[in-house]
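What follows is a short report on a single structure.
Both ligands and their constituent atoms are indexed starting at 1 by order of listing.
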Amino acid sequence: MSESGIFITLEGIEGCGKTTQSLALKDFLESKDCKVTHTQEPGWGVLGKYTRKMLLDEKELRLEPFAELCLFCADRAQHVRGLIKPSLEEGHTVVCDRFSDSTVAYQGYGRGLNLDLVEKMAWAAALGVIPDLTIILDLPAEAGLERIKDRGGTTKIDEESIEFHTRVREGFYKIAESEPKRVVVVGADKPIDELAAEIAPIVMKRVG
Ligand code: Z5A
């Protein structure tokens, strides 16, 4: 479990609305007088800036899947040590857009790396910090990619095949099935406000 604050992660495929909903959740929790740290992976801090560029932006750098796995894990360990643990220790509620479940879904189910190895590395990189609650926003891969198509610029992972993104979605289902106490799946194919109104009571019920 987390240190003393509460740790909530949002997960799901590209374009499912994690960023939008994690910011709405931050506003909701602040309206209840919680101190909230909002963050995301990959890309926190100096290491995050470099790893994010290599992982997502440098299109001519074709990463070996195991190298990609190691970079996501390096980014996480630094993020946990530098921001997540200290924030939890200060009693903040930490709301994080993607965490170890993304590594299992993308590098394990998506890329097809050895699942046992990926799970061990993804969670070892979390340095013992496990979310109190994880919300998976579920959407068909086609719908998620449609939502981001006008964003202006895609990342290397966005450009993977629809089959890849579908395997990732199915990976998130498997994670939810295997950890029903921690993970809740919410259908994301509904208006932003309606989805936020569905997430808030889940958070209140699960983490108080
Ligand atoms: N990755 C990995 O492989 N392994 C790992 O361990 C980790 C990550 C941690 C990060 O990309 C990539 O890294 C990601 C997984 C991989 N790659 N993929 N594909 P990123 O940081 O650039 O982006 P992202 O995390 O995938 O999220 P995103 O593209 O920003 O999408 P989102 O956060 O889920 O959605 P959003 O930004 O809130 O909304 C997207 C658009 O949809 C936007 O125009 C919204 O206004 C709209 N939207 C949001 N909600 C709705 C609803 N309910 N209805 C209609 N429209 C909506």
Side-chain angles (χ1 to χ4, degrees), residues 9-27 38-44 47-49 51-59 63-80 84 95-113 117-126 131 134-169 171-172 175 186-199:
T9 57
L10 279 94
E11 297 280 7
I13 61 151
E14 184 77 356
C16 66
K18 297 174 310 306
T19 308
T20 306
Q21 292 303 325
S22 61
L23 289 168
L25 181 58
K26 173 181 185 286
D27 291 346
H38 177 273
T39 187
Q40 72 181 79
E41 290 195 0
W44 179 81
L47 182 70
K49 191 178 112 191
T51 49
R52 189 176 168 95
K53 195 165 156 41
M54 288 187 279
L55 283 161
L56 303 179
D57 302 334
E58 295 276 6
K59 296 209 173 160
L63 281 169
E64 153 64 33
F66 186 73
E68 183 185 71
L69 168 67
C70 293
L71 288 173
F72 277 115
C73 291
D75 174 69
R76 173 159 316 118
Q78 201 71 10
H79 186 203
V80 170
I84 296 176
V95 177
C96 188
D97 180 349
R98 295 198 183 281
F99 197 63
S100 298
D101 294 311
S102 279
T103 312
V104 175
Y106 280 86
Q107 281 63 54
Y109 289 96
R111 295 275 186 240
L113 287 172
L117 174 71
V118 173
E119 284 170 352
K120 286 196 171 96
M121 287 181 65
W123 288 105
T134 295
I135 295 173
I136 293 176
L137 299 182
D138 181 51
L139 197 66
E142 294 84 352
L145 295 173
E146 180 67 25
R147 280 187 188 172
I148 60 155
K149 83 176 186 332
D150 298 328
R151 189 164 55 185
T154 50
T155 70
K156 286 194 274 190
I157 299 182
D158 299 341
E159 289 166 11
E160 288 295 335
S161 66
I162 200 76
E163 290 78 16
F164 173 89
H165 290 286
T166 302
R167 284 198 300 280
V168 171
R169 183 189 187 199
F172 280 122
I175 292 169
V186 176
D189 191 10
K190 51 186 75 116
I192 291 172
D193 290 351
E194 205 177 296
L195 193 49
E198 192 173 330
I199 290 172

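- Side-chain contact annotation: Arg98 with Thr9, donor-acceptor N/O pair under 3.5 Å absent.
- Shortest contact from atom 30 (O) of ligand 1 to any protein heavy atom: Arg151 NH1, 3.3 Å.
- Between atom CG of residue Leu25 and atom CD1 of residue Ile135 there is a gap of 6.5 Å, rounded to the nearest 0.5 Å.
- Of the candidates Thr20, Asp101, Leu71, the one placing a heavy atom closest to atom 39 (O) of ligand 1 is Thr20.
- The main-chain N or O of Ile175 is never found under 3.5 Å from a side-chain atom of Asp101 such that the two would form a donor-acceptor pair.
- For the pair Glu194 and ligand 1, no heavy-atom separation below 4.0 Å is found.
- Residue Glu160 does not touch ligand 1, judged by heavy-atom distances below 4.0 Å.
- One N or O on the side chain of Arg169 and one on the backbone of Leu139 form a donor-acceptor pair closer than 3.5 Å.
- The option with the heavy atom closest to atom 37 (O) of ligand 1, from among Thr19, Leu139, Asp158, is Thr19.
- Only backbone heavy atoms of Lys190 (N, CA, C or O) come within less than 4.0 Å of ligand 1; its side chain stays farther off.
- At least one heavy atom of Arg52 sits under 4.0 Å from some atom of ligand 1.
- Across Pro42, Ser102, Gly17, heavy-atom proximity to atom 10 (C) of ligand 1 is greatest for Pro42.
- Using a 4.0 Å cut-off between charged side-chain N and carboxylate O, Lys18 and Glu11 make no salt bridge.
- Ring geometry for Phe164 versus Tyr106: interplanar angle of 30 to 60°, hence tilted.
- Taking 4.0 Å as the cut-off, Glu68 does not count as a neighbour of ligand 1 on heavy-atom distance.
- In this structure, Lys156 contributes its side chain and Glu58 its backbone to a donor-acceptor pair below 3.5 Å.
- Summary of contacts: the protein heavy atom closest to atom 44 (O) of ligand 1 is Arg147 O, 4.1 Å.
- Neither the backbone nor the side chain of Gln21 comes within 4.0 Å of ligand 1, counting heavy atoms alone.
- With hydrogens left out, the protein atom closest to atom 5 (C) of ligand 1 is Phe72 CD2, 3.3 Å, a heavy atom.
- Using a 4.0 Å cut-off between charged side-chain N and carboxylate O, Lys190 and Glu198 make a salt bridge.
- Selection from Leu69, Leu56, Ile192 by nearest heavy atom to atom 11 (O) of ligand 1 gives Leu56.
- His79 and Glu41 are linked by a side-chain donor-acceptor pair at a separation below 3.5 angstrom, with hydrogens and angles left out of the test.
- Under 4.0 angstrom from ligand 1, the non-hydrogen atoms of Arg98 all belong to its side chain.
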